Participant: 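First the structure, which I've put down as structure tokens, then a few questions once you've had a look.
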Amino acid sequence: TDAARAAVAAHTRHVAGFPEPGVVFADLTPVFADGAALAAVIDGLAAAGRGPDGAATVDLVAGLDARGFLLGSGVALRLGVGTLAVRKAGKLPPPVLREEYQLEYGSAALEIPAEGIALEGRRILIVDDVLATGGTVSAAVALLRRAGAIVERVSVVLELEALGGRARLQELPAGGIAVSAISVG
Ligand code: PRP
């Protein structure tokens, strides 16, 4: 939405030379710390989980560790559904489903509970702050699909277009995932 885009533009802090020389880091912390901006961003993210009539088209919102948690709960409340925290490895009690993914240096893993949450056939909206290479979202999609869920769409605040996340998500082996981004940088 226009209000969400304006809120992100007004409150993002750009930090030159972080995390390495030549990179301008977009810090969204001030966006989420401003009440009106947060509300606009949550509404903007939630729009990706609604049909033309405004009704929710998903059954559950998955927020990605850790900044996706800030947003996933608010989006779920707006849509009238629950939220699932997709966690970094080692936080959840067994049994878990786990999916490893590559980072620039080394690897990491995401986990969800393997019991206690009915995911079979459920329609999911994935929410996160930033889409960069798409590695994190790809791992989350793989994990949720292994649990039998249907990932409908990914909704992010900021898409870093040059890093190719959208294209990578379009080419996932078991079918592409569409991305909605409030702001593209
Ligand atoms: C950041 C960001 C996304 C991911 C995007 O999270 O919040 O989840 O990286 O990068 P990608 O598209 O290249 O995978 P990070 O792993 O830094 O975790 P945090 O939210 O806990 O800081």
Side-chain angles (χ1 to χ4, degrees), residues 4-5 7-8 11-20 22-34 37-38 41-42 44-46 48-49 60-76 83-92 96-113 124-146 149 151-185:
R5 228 182 336 272
V8 173
H11 295 278
T12 300
R13 192 170 72 102
H14 296 278
V15 185
F18 182 85
E20 50 191 58
V23 175
V24 180
F25 186 84
D27 181 13
L28 298 173
T29 307
V31 181
F32 307 145
D34 181 275
L38 178 64
V41 163
I42 295 289
L45 291 170
L60 185 65
V61 172
L64 307 190
D65 203 338
R67 284 164 284 175
F69 300 164
L70 289 175
L71 305 166
S73 174
V75 171
T83 192
L84 170 66
V86 178
R87 314 260 344 232
K88 296 234 170 98
K91 305 288 188 182
L92 290 168
V96 298
L97 293 177
R98 159 195 271 255
E99 186 74 30
E100 311 256 346
Y101 60 106
Q102 297 308 308
L103 299 173
E104 196 174 359
Y105 302 102
S107 69
L110 294 178
E111 293 179 348
I112 57 173
I124 311 260
L125 177 67
I126 292 179
V127 168
D128 206 354
D129 61 337
V130 175
L131 177 69
T133 67
T136 306
V137 171
S138 295
V141 170
L143 202 51
L144 292 162
R145 283 178 167 171
R146 270 168 53 203
V151 181
E152 294 283 358
R153 184 170 277 274
V154 175
S155 189
V156 299
V157 179
L158 175 62
E159 174 187 359
L160 302 176
E161 205 172 26
L163 297 180
R166 183 180 292 256
R168 179 171 178 175
L169 295 177
Q170 238 98 75
E171 289 154 17
L172 289 176
I177 302 289
V179 175
S180 297
I182 290 172
S183 176
V184 178

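Whatever order the structure lists ligands and atoms in, that order sets their numbers, starting from 1. Note that this is a predicted model, so its numbers are computed, not measured.
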Participant: In the protein, which heavy atom is nearest to atom 4 (C) of ligand 1, and how far is it?
Facilitator: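 Of the protein heavy atoms, Thr136 OG1, 3.6 Å lies nearest.
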
Participant: Identify the two heavy atoms, one from Ser180 and one from Ala48, that lie closest to each other, and give their separation to 0.1 Å.
Facilitator: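 That would be OG-CB, 3.6 Å.
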
Participant: Rounded to the nearest 0.5 Å, how far does CD1 of Ile112 lie from CG of Leu143?
Facilitator: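 One finds 4.0 Å between CG of Leu143 and CD1 of Ile112.
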
Participant: Report the nearest protein non-hydrogen atom to atom 18 (O) of ligand 1: residue, atom name, distance rounded to 0.1 Å.
Facilitator: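 Looking only at protein heavy atoms, the one closest to atom 18 (O) of ligand 1 is Lys88 NZ, 2.9 Å.
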
Participant: What's the shortest distance from atom 5 (C) of ligand 1 to any protein heavy atom, and which residue and atom give it?
Facilitator: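 Nearest protein contact, heavy atoms only, for atom 5 (C) of ligand 1 is Val130 O, 3.4 Å.
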
Participant: Note the single closest protein heavy atom to atom 12 (O) of ligand 1, along with its residue, its atom name and the distance in Å.
Facilitator: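 Nearest protein contact, heavy atoms only, for atom 12 (O) of ligand 1 is Gly134 N, 2.7 Å.
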
Participant: State whether Lys88 and Glu111 are salt-bridged, where the test is any N-O pair (Lys NZ or Arg NE/NH1/NH2 against Asp/Glu carboxylate O) under 4.0 Å.
Facilitator: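 A salt bridge is absent here (no side-chain N lies under 4.0 Å from a carboxylate O).
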
Participant: Atom 17 (O) of ligand 1: which protein heavy atom is closest, and how many Å away?
Facilitator: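 Residue, atom and distance for the closest contact: Arg67 NH2, 3.2 Å.
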
Participant: With sequence neighbours excluded, what pairs up with Asp27 under the side chain to side chain donor-acceptor pair (under 3.5 Å) test?
Facilitator: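 Partners of Asp27 by the side chain to side chain donor-acceptor pair (under 3.5 Å) criterion, ordered by chain and then number, come out as Thr29.
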
Participant: Kindly give the heavy-atom pair with the smallest separation between Leu28 and Val8, and that separation in Å.
Facilitator: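 Smallest interatomic distance, heavy atoms only, reads CD2-CG1, 4.3 Å.
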
Participant: Among Ile126, Leu125, Thr83, Leu84, find the residue that satisfies the side chain to side chain contact (heavy atoms under 4.5 Å, CB included) test when tested with Leu60.
Facilitator: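 So the option named by the test is Leu84.
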
Participant: Does ligand 1 have any atom sitting under 4.0 Å from a heavy atom of Gly165?
Facilitator: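 Judged by the 4.0 Å heavy-atom criterion, Gly165 does not count as contacting ligand 1.
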
Participant: What closest approach, in Å, do Leu70 and Phe32 show between heavy atoms, and which atom pair accounts for it?
Facilitator: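 Result for this residue pair: CD1-CD1, 3.9 Å.
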
Participant: Please write down residue, atom name and distance for the protein heavy atom closest to atom 10 (O) of ligand 1.
Facilitator: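 Residue, atom and distance for the closest contact: Ala132 CB, 3.5 Å.
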
Participant: Might you point out which heavy atoms bring Arg67 and Asp128 nearest each other, and give the distance in Å?
Facilitator: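 Reported closest heavy-atom pair: C-OD1, 4.3 Å.
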
Participant: Where is the nearest protein heavy atom to atom 2 (C) of ligand 1: which residue, which atom, and how far?
Facilitator: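 Here the closest protein heavy atom is Asp129 OD1, 3.4 Å.
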
Participant: Regarding atom 20 (O) of ligand 1: of the candidates Ala139, Ser138, Gly63, Ala66, which has the closest heavy atom?
Facilitator: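 Looking at heavy atoms only, the winner is Ala66.
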
Participant: I need the atoms of ligand 1 closer than 4.0 Å to a non-hydrogen atom of Thr133, numbered in the order shown.
Facilitator: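 Going through ligand 1 atom by atom, the ones under 4.0 Å from Thr133 are 11 (P), 12 (O), 13 (O), 14 (O).
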
Participant: If hydrogens are left out, which of Leu169, Leu160, Asp128 has an atom nearest to atom 8 (O) of ligand 1, that is, the closest non-hydrogen atom?
Facilitator: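 Considering heavy atoms of Leu169, Leu160, Asp128, the nearest to atom 8 (O) of ligand 1 sits in Asp128.
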
